[in-house]
Number of protein chains: 2
Amino acid sequence: MSAKSDPGRSLALLWGSHTRPGRSGLTVRAIVEAAIALADAEGLDAATMRRVADKIGSGTMSLYTHVPGKTELNDLMVDTVIGELYTGVDDPSGRDGWRAGMRYVAERNWDLSLRHPWLLDATGGRPTLGPNALLKYEAELRVLDGIGLTDVQMDSVLTLVLTHVEGVARSHAGLARAQRDSGLTELEWWRATAPVLERVMTGHDFPLAGRVGEASSQVYQASADPVHAFAFGLDVILDGVQRLID
Amino acid sequence: MSAKSDPGRSLALLWGSHTRPGRSGLTVRAIVEAAIALADAEGLDAATMRRVADKIGSGTMSLYTHVPGKTELNDLMVDTVIGELYTGVDDPSGRDGWRAGMRYVAERNWDLSLRHPWLLDATGGRPTLGPNALLKYEAELRVLDGIGLTDVQMDSVLTLVLTHVEGVARSHAGLARAQRDSGLTELEWWRATAPVLERVMTGHDFPLAGRVGEASSQVYQASADPVHAFAFGLDVILDGVQRLID
DNA sequence: GTCCGTCGGCGTACATCGTACGGCACCCGC
DNA sequence: GCGGGTGCCGTACGATGTACGCCGACGGAC
């Protein structure tokens with residue numbers, strides 16, 4: 001791993017032209033798209049420099065001519081898929097009221113995370129100030145503009161909703177990944193776990209955990225239900241925001 | 001990496017005795033504690049099998065006599081630090097009302113994530129049904145028992161609050177990590193980034209993003225403020241829960 | 001007391017990762 | 001036509017988790 005870290009260069013790359021080819025036709029765009037395809041199909045771990053290069057038909061080290069390193073490639077991947085969010089669909093602010101607008105924002109972000117689960121692993125750390133990320137911020141803020149919130153409150157509300165979506169989406173992705181890695185569905189895993197858990201828990205007493213856990217897993221048919229958590233949490237949060245506005 | 005995955009064995013390990021020594025005095029407890037110390041000091045990436053073994057004074061492969069693999073060691077680390085949550089302090093349900101109780105739960109979890117930032121990277125996937133995790137679930141549910149929520153609602157509310165805390169804690173940890181890795185403080189990074197961003201953004205127009213982003217970063221003195229997000233979000237969520245109860 | 005099977009401890013080896021380094025060959029300006 | 005810069009890329013290094021198999025020390029049977 002390199003110790004370098006040049007914010008200026010990263011930013012310039014994010015905003016620059018990705019279609020200017022080198023001698024063999026290699027472009028930044030092609031590299032990023034190959035990496036995204038790999039990550040979509042097999043997870044972020046599969047988006048290896050070697051495998052990306054193979055997919056493109058170039059030598060591994062040739063990638064470094066166009067991209068400083070893995071970190072910057074990740075940033076490019078992130079900003080690229082963020083571009084999918086509101087292109088070809090309605091602007092979030094075109095909805096009827098801030099509540100419907102925020103719900104729409106949440107749903108679009110949720111869908112994006114389902115389509116690209118690796119997004120959650122690739123973000124974190126400093127924000128990715130690419131063009132599409134800024135476009136997204138702008139579009140989402142429009143929903144909250146002019147409804148009686150201060151500027152800081154607008155940012156806080158948006159952050160709150162997005163943090164919620166990210167959290168439940170991460171939970172969803174984690175479960176899906178566990179299922180893929182272990183080869184066990186949620187139900188199979190529970191069937192293998194429950195009896196051992198029962199045996200090992202004898203002597204201890206968890207009345208509430210037992211009662212509530214049982215009720216929940218009965219309803220969810222699983223150990224957790226991110227889809228339900230998404231909807232429930234969004235409702236509660238929007239109710240709280242309502243109260244903030246009044 | 002091995003392809004194995006034995007829920008039964010993992011559970012048994014979590015609940016079993018960690019103090020039974022092998023021939024050279026090596027115990028599961030010692031291994032786990034060394035790994036935690038490493039992760040606390042230098043991040044989860046530093047908790048390598050080789051480095052853990054070195055710290056203990058044993059051969060690398062000897063660890064595998066006591067622990068099936070890295071995954072299971074992570075689970076053990078997680079359940080162990082979860083044990084810190086409510087030991088030696090008040091039970092969350094001893095508070096005055098569910099609201100103060102939930103606030104306490106959120107704060108304890110937030111503190112834990114600050115003390116052990118790697119926790120956020122080590123969880124995810126299926127839940128870690130260790131003894132301390134169950135104790136935590138039980139203790140936290142007590143806060144919400146008998147206030148007019150159904151069992152499923154109790155689980156949903158708790159999940160919502162914990163998801164929020166996890167999200168903002170992850171944001172905090174990400175910023176701290178970026179600062180450590182890049183050697184740039186938040187302010188230094190912004191000073192290096194802002195001018196380039198300004199230059200590259202000419203021609204585009206982000207009126208709201210500019211206005212709101214400026215106002216926020218002025219108040220936070222940074223690109224984001226997880227501490228503020230924690231408090232703000234918690235208030236909003238608890239207001240929403242209040243409404244759910246009424 | 002002796003012997004032997006079992007099992008804890010661990011050295012070596014392998015596939016995989018990101019990437020530093022340096023050589024080769026092409027292409028553009030003179 | 002030719003010299004220098006630059007795109008391309010093969011090789012090599014230090015990590016990682018862990019499979020495999022050897023060694024040597026215990027514990028029970030006689």
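Letters A, B, ... mirror the listed sequences (proteins, then strands); counts begin at 1.
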* Asked: Quick one: what's the B/S/- string for nucleotides 8-16 of chain C, heavy-atom cutoff under 4.0 Å, read 5' to 3'?
  -> BBBBB----
* Asked: Once you round it to whole Å, what is the distance between P of D:dC9 and CE of A:M49?
  -> 14 Å
* Structure fact -> Whole-Å distance, B:E72 CD to D:dT18 C1', equals 12 Å
* Asked: How would you list, by chain and number, every residue that makes a salt bridge (Lys or Arg N to Asp or Glu O under 4.0 Å) with A:D45, sequence neighbours excluded?
  -> A:R177
* Check whether any side-chain heavy atom of A:R9 lies under 4.5 Å from a side-chain heavy atom of A:E72, and answer yes or no. => no
* Please list, chain by chain and in numerical order, all residues satisfying side chain to side chain donor-acceptor pair (under 3.5 Å) with A:H228, sequence neighbours excluded. => A:Y220
* Atom pair distance, as rounded to whole Å: OH in A:Y64 and C1' in D:dA12 -> 14 Å
* Asked: Once you round it to whole Å, what is the distance between C1' of C:dG18 and CZ of A:R51?
  -> 16 Å
* Asked: A:I31 has an atom CD1; how far is it from atom C1' of D:dG7, in whole Å?
  -> 12 Å
For residues 13-24 of chain A, which side-chain N or O atoms pair as donor and acceptor with protein atoms under 3.5 Å away, sequence neighbours left out?
unit_1: A:W15; atom_1: NE1; unit_2: A:L129; atom_2: O; d: 3.0
unit_1: A:S17; atom_1: OG; unit_2: A:T19; atom_2: N; d: 3.4
unit_1: A:S17; atom_1: OG; unit_2: A:T19; atom_2: OG1; d: 3.3
unit_1: A:H18; atom_1: NE2; unit_2: A:L13; atom_2: O; d: 2.8
unit_1: A:H18; atom_1: NE2; unit_2: A:G16; atom_2: O; d: 3.4

* **side-chain hydrogen bond (donor to acceptor under 3.5 Å, both in side chains): pairs with one or both residues in residues 26-35 of chain A, sequence neighbours excluded** => none
* Structure fact -> Contacts of B:T60 meeting side-chain contact (heavy atoms from CB on, under 4.5 Å) (sequence neighbours excluded), chain-then-number -> B:M49, B:R50, B:A53
* Asked: Could you state the CD-P distance from B:E42 to D:dA15, rounded to the nearest angstrom?
  -> 13 Å
* Rounded to the nearest Å, what distance is computed from the CG atom of residue B:D45 to the P atom of nucleotide C:dG18? -> 14 Å
